[in-house]
There are 2 protein chains.
Amino acid sequence: MTTINEVARHAGVTPATVSNVLRSRGRVGAETRQRVLDAIDALGYRPHLAARALAEGRAPTLALMVSSIANPFYPEFALAVERAARASGHFVIICNTNEDPLMGRAYLDQIAGTLSEGVLVMNANLDFADLHLTEARGAPVVLCMWEKPNDPPGLPSVAVDFALAGRLAASHLIELGHRRIGAIVGSKVSGIHTPRYEGFVAAMKAAHLTVHAEHVRHAPDTVQGGYAAAHELLSANPEITALFATNDLPALGAIHAAADLGLAVPGDLSVTGITDIQLARESRPALTTVAVPTAEAAKLAVTLLRELIATGTRPSDMAPVLYETSPPRLVVRASTAPPRSARRPSRSR
Amino acid sequence: MTTINEVARHAGVTPATVSNVLRSRGRVGAETRQRVLDAIDALGYRPHLAARALAEGRAPTLALMVSSIANPFYPEFALAVERAARASGHFVIICNTNEDPLMGRAYLDQIAGTLSEGVLVMNANLDFADLHLTEARGAPVVLCMWEKPNDPPGLPSVAVDFALAGRLAASHLIELGHRRIGAIVGSKVSGIHTPRYEGFVAAMKAAHLTVHAEHVRHAPDTVQGGYAAAHELLSANPEITALFATNDLPALGAIHAAADLGLAVPGDLSVTGITDIQLARESRPALTTVAVPTAEAAKLAVTLLRELIATGTRPSDMAPVLYETSPPRLVVRASTAPPRSARRPSRSR
DNA sequence: ATGAAAGCGCTAACAG
DNA sequence: CTGTTAGCGCTTTCAT
């Protein structure tokens, strides 16, 4: 490994000068500068990032906490985060908590402030106390996609209007003429999808439609979860002509369930999701959903984090910042249509 | 930020002792040990990973080079890599090259050997010269899923028998009774899918079936790519009863194309993929495919990398290691069936 | 315009 | 058992 000292010697200068030309900081003579550059080139020198970090008192990475990168939503987000991070010279370390708060804590304990300068958290089922602790220890934390505006997180966050997303999807179904609309709401435990559901309820109420308790099901936030919930829901309530799901994955599962029940989508059943993951456009029938500004949220989150890092602001010093993204928007595709007057009876699979 | 010195002072010992208890290395008195532990606890001390890395002359992370984490295959792999990496105390930095060799080089230049102790490369369209350079600079490189056994990469790698995968899928189709089988092969440029295709050809040959040039199409390795290729291929050659795709994503696209052409899968057309990504089991009809041991490959790759790091072996010192995973295996699902004698004519969409 | 020197937080011999 | 002493590679005042 070639060090800055070797470069210096090779160029007949001191390390300080090399450092100066490297960061175009100090005033360095053109001729010396060139000699240094040549030496760097000749020796194939690359600055040692860890050493630099230590000397500068900063860390070269950002930590991205997710529950599992295998969830199809995260990669799209992670990609956007990485792009934004590179722009500020940071690398991103991916931290899968596997839904386990203890894993999350272990990560935070180890890297926050020592290897990572800040941490971005996506819904990763983390202990808020741990997050506040890592803040207190000097590593800013930002929540990347806060869903509950009425329940401020006490941490800097970027927020997306998910209630609006819920309203948009529900309104679309209602405008199409659906009256008996079922709902599949994900993540009951964390309650993270509550605003989406409330948006749905609000839209129903605005249309003077009642949501029947027996028409809503909670399900894990997966294709499987949506499948099971929809299968059960549709079997028990054949009068339903449309399904509102709080997320794309369960919506996709619902479409599969419909297929297995002999229900055509959108002929016999309309289905909507929320998020607009890549899969939503790539599956058949393509999913009507409400697109959430993922890339924008990622960029905002990184920007916010950078600011916190730069100003060295301890979140306790101020009211937690909350950046809001542009509003989600409806994307109509092939999984929704007006209801048929006559529904085929559902055959059991 | 609390440092090891503060802990030492608080406990009435020297930093060396603190370091010793931290890494349970030196022989430390039980009572002193406890005092140190208490101090650590009281002060909320966490070792500074960058400083430690510098002092130890090693880096705490591994770099994972992928073309784009948004490709549905990578997250599953990345998850397995991360698990394995954690086991050896490494964090993983995700490097999206975006298919651009220059981005790849930029990453390698910056982190290899200084922030990352080693680099794992998934098909990321990297310049081999760059990889050899980073090796020479002291950061071991391992190829995570080498596809071409006959074309040794000159780098330590873990290899998967993709030719076998191709044979398995083709044989399945043949055994089902298909005779006119089309092929959609991905990634023409990198030629990375060649062995898969050769496996297909071998199986056809073994069954005394000829593969017609007009029955094979090259396509980008995406759902879209598979869709377009299949649509064109099926329109032009209605006699085809089965499609062999070298990857799951294009296979899924082919299924969509079939749907749009009014062809039932598997009634009118059988389709196979390779890899068995999560999506393969979650889409409908569920995809018959050949499962590649992703997690195993990830684990092997990390193991191999760790060995290279530990022994400090310069790859030029030895014949490049090549670990082979267990063989891929056929997973029959709902996208394949015996051919119908009478095929419905394809209607144009 | 360049050099000397101190130090970032930690580890690793070696002494005692 | 514990303390002392040197760095790891780089940056950064402060001199010159």
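Atom set for the values below is all heavy atoms of this structure, side chains included, hydrogens, waters and symmetry mates excluded. Within every chain, numbering begins at 1; the chains are lettered A, B, ... in the order of the sequence lines, protein sequences first and strands thereafter. Since the model is a prediction, treat every value here as computed from it, not as a measurement.
- Shortest non-hydrogen contact noted between A:Tyr107 and A:Ile94 is OH-O, 4.0 Å.
- Each of D:dT2, C:dG9, D:dT4 was ranked by its minimum atom distance to the side chain of B:Thr32; first place goes to D:dT2.
- Rounded to whole Å, the distance from CZ on B:Arg33 to P on D:dG3 is 16 Å.
- Taking CE from B:Met65 and CG from B:Leu131, the interatomic distance works out to 7.5 Å, rounded to the nearest 0.5 Å.
- Nearer to the 5' terminus of DNA chain D, by closest-nucleotide assignment, is the contact made by B:Gly12 (compared with the other of B:Gly12 and B:Ala55).
- Protein atom CG of A:Leu54 is 13 Å distant from nucleotide atom P of D:dC8, rounded to whole Å.
- Backbone-only engagement by B:Gly29 is indicated by non-hydrogen atom pairs under 4.0 Å involving sugar-phosphate atoms exclusively.
- When rounded to the nearest whole Å, the span between CD of A:Glu31 and P of C:dA1 equals 13 Å.
- In this structure, B:Thr14 reaches the D:dG3 phosphate: one of its side-chain N or O atoms is under 4.0 Å from OP1 or OP2.
- Among C:dT2, D:dT2, C:dG9, the nucleotide with an atom closest to any side-chain atom of A:Val28 is C:dT2.
- Listed candidates were D:dT4, C:dA4, C:dC8. Nearest to the side chain of B:Ala16 is D:dT4.
- Considering only side-chain atoms of A:Ile4, the nucleotide from C:dG9, C:dT2, D:dC10 that sits closest is D:dC10.
- One can place CG of B:Asn20 at 10 Å from P of D:dG3, the figure rounded to the nearest angstrom.
- Closest-nucleotide positions on DNA chain D for A:Thr17 and B:Ala51 were compared, and the one nearer the 5' end corresponds to B:Ala51.
- Residue B:Ser116 is tested with B:Leu62, B:Thr134, B:Ile93 for a side-chain contact (heavy atoms from CB on, under 4.5 Å); the sole match is B:Ile93.
- Look at CE on A:Met1: it is 11 Å from P on D:dC8, rounded to the nearest Å.
- No contact: B:Val18 has no heavy atom under 4.0 Å from any strand.
- For A:Ser19, the side-chain atoms get nearest to D:dT11 when compared with the rest of C:dA12, C:dC10, D:dT11.
- Salt bridge status for B:Arg86 with B:Glu82: absent, with no side-chain N to carboxylate O gap under 4.0 Å.
- Within the structure, every side-chain polar atom (N or O) of A:Arg52 is placed at least 4.0 Å from both OP1 and OP2 of C:dC8.
- Going from atom CD1 of A:Ile111 over to atom P of C:dG9 covers 19 Å, rounded to whole Å.
- With respect to A:Leu79, the side-chain contact (heavy atoms from CB on, under 4.5 Å) criterion is satisfied by exactly one of B:Asn96, B:Val66, B:Asn71: B:Asn96.
- A straight line from CG of B:Asn5 to P of D:dG3 spans 13 Å, rounded to a whole angstrom.
- The distance between atom CG of B:Leu22 and atom P of C:dC10, rounded to the nearest whole Å, is 9 Å.
- Within the 4.0 Å cut-off from OP1 or OP2 of D:dC8, not a single side-chain nitrogen or oxygen of B:Arg58 is found.
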